Peer 1: 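Take this structure, written in structure tokens, and hold onto it; I'll ask about it next.
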Amino acid sequence: MINTANGMMSTAPSGNAQSPGLKTYFKTPEGRYKLHYEKTHPSGLLHYTHGKTVTQVTIAHLKDKPSPSTPTAPSSSFSASSGVRSAAARLLGGGNGSRALSFVGGNGGSKSVSGNNRVGSLGASSSSNSTSTSNFDGKGTFLIFNVGDAIFISDLNSQDKDPIKSIHFSNSNPLCHAFDQDAKDGHDLIIGLNSGDVYSVSLRQQLQDVGKKLVGAQHYNKDGSVNSSRCTSIAWVPGGDGAFVVAHADGNLYVYEKSKDGAGDSSFPVIKDQTQFSVAHARYSKSNPIARWHICQGSINSIAFSTDGAYLATVGRDGYLRVFDYSKEQLVCGGKSYYGALLCCAWSIDGKYVLTGGEDDLVQVWSMEDRKVVAWGEGHNSWVSGVAFDSYWSSPNSDGTEETVMYRFGSVGQDTQLLLWDLEMDEIVVPLRRPPGGSPTYSTGSQSAHWESAFPVGTLQPAPSMRDVPKISPLVQHRVHTEPLSGLIFTQDSVLTVCREGHIKIWMRPGVADNQPNSAETILSTSLKEKPLLSSKVGSLSYKQ
């Protein structure tokens, strides 16, 4: 545990103590990010169970009380997930489209959520059944994360390492989850399992129950009746009035409506061509899921909605990023990685850029306007497993008068490193422009003869040549965990990093820990008015740790 008064580690024994070789801070041009505290699973959890899952984290903010009459708004949920089996960091509706990462669209958000209302101890210990939840006051901000066969819930406003609640699954392991704080009927949390089963539940109801099993759950795709391959990524549809989508390891994505019976009969026609995108709708009005999207051959590794819910990005085992017009059910654009599978994706809050990361150790910056890769981030030494835009960051030198926008984004990898990047398109050095020559085309549209020519709608581009894509270098490189990382989340006051083994670290932004002694209680506290989420152009920043 970190003593926030002096930034030093305490000597209290802990099975998950901060490793001596890791620094408790990292430097950026605007100041130091300091390790505030950590969250993890119970120390008694058997290590062999970790290998069966990759930990994903979702931030869930419970309002003061249920408000069933509240009009539906874009979901506001943060989640960070494994790029290998799960979604990337995202904020549905409020962030970069991962929201994913769904934390899988973007995980910075225009909508603020308040975490000022400190929640009393729930008393729901993960190691004891004789618990009491009488003092749960129905509000607060929580971390939801999966390890092995369990979902754990921690109070984000508490510095206790151990979770306050555990939920165990007897027949399969949870792999992905997403939260919708604007859910109208109480069911605000969705969970996808290794078996393909999907559950929707009320987070508040789980916290009020003293047991270790899901209570009041709606069960979809029971026993894999529609699809028996594992769930890889799950996301609420922003503004979708209870609709959510589930991606699977066999390349299919299903659209569900929460209001319909989870056991509704659904049968879909046989997929005629596994290599082509296709959409099939259920034959009956009561069916659930209501639609099947066949995306690709092999696994879909991550999905992310743009902030407004208009577009859905997917990345998969075949190495392709695909961007769809969600309402029209049409492929808009996409392209292939330089090498290997893509594992994670995230949107900028303005919907102009999509980040991807994967097995080529690169962070790709994809422009929706140009429908192509506009920059490659080089800096990771292993697979990139999580990406996210920081939509709360603004340049310290910005005066709001310049037209060119600068973006800050982050990435984490299996090299245990967190990298922060600044993206300013006017500052990128573009290589010598030349026709792509004999590169193959992956659609009926003709291959573009010039760099400036946009590809036809629906074109999947081949991997670009290394010499054709501008390169950017990270602003910060910092080893934050001893284990490979699986995701990251940006909040108003902090950056959260999570490793595959289920350990979460909360890094406070420069000045936050110093100016707010009780900042643990205000980690997501913001004013409800919208703030500028993207900074204006400033002088080129360079910084070396």
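Just so you know, these numbers come straight off a predicted model, no measurement behind them. Computed over heavy atoms, backbone and side chain alike; hydrogens, waters and symmetry mates excluded. Numbers here are sequence positions counted from 1.
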Peer 1: Using modelled atom types only, decide if a donor and an acceptor are shared between the side chain of Thr55 and the backbone of Arg500 within a distance under 3.5 Å.
Peer 2: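 Flag set: sc Thr55 to bb Arg500 pair under 3.5 Å.
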
Peer 1: Under the rule for side-chain contact (heavy atoms from CB on, under 4.5 Å), what residues qualify as partners of Ser259, not counting sequence neighbours?
Peer 2: Glu257

Peer 1: Answer yes or no: are there more than 12 heavy-atom neighbours, outside Tyr311 itself, under 6.0 Å from its atom OH?
Peer 2: no

Peer 1: Tell me the closest heavy-atom pair linking Tyr407 and Ser348, and the distance in Å.
Peer 2: CE2-CB, 4.1 Å

Peer 1: Can Thr491 and Asp493 be said to form a side chain to side chain donor-acceptor pair (under 3.5 Å), step by step?
Peer 2: CA-CA 6 Å; Thr491 74; Asp493 292 338; over 6 Å; no

Peer 1: If you round to the nearest 0.5 Å, how far is CG of Leu355 from CZ of Phe389?
Peer 2: 3.5 Å

Peer 1: What's the shortest heavy-atom distance between Gly410 and Leu420, and which atoms?
Peer 2: CA-CD2, 4.1 Å

Peer 1: Answer with yes or no whether the side chains of His61 and Thr141 bring together a donor and an acceptor at under 3.5 Å.
Peer 2: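 Side-chain D/A pair, Thr141 to His61: present.
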
Peer 1: Using the side-chain contact (heavy atoms from CB on, under 4.5 Å) criterion, which residues pair with Ala249? Sequence neighbours excluded.
Peer 2: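 Result, side-chain contact (heavy atoms from CB on, under 4.5 Å) vs Ala249: Ser229, Arg230, Thr232, Ser299.
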
Peer 1: To the nearest 0.5 Å, what is the distance between CD on Gln206 and CD1 on Ile153?
Peer 2: 6.5 Å

Peer 1: Can you tell me how far the CZ atom of Phe26 sits from the CG atom of Leu418, to the nearest 0.5 Å?
Peer 2: 5.0 Å

Peer 1: List the atom of Asn301, the atom of Ser233, and the distance in Å for their closest heavy-atom pair.
Peer 2: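 For Asn301 versus Ser233, the nearest heavy atoms are O-CB, 4.4 Å.
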
Peer 1: Would you name the heavy atoms of Leu193 and Ser172 that are closest together and state the gap between them?
Peer 2: CB-OG, 3.8 Å

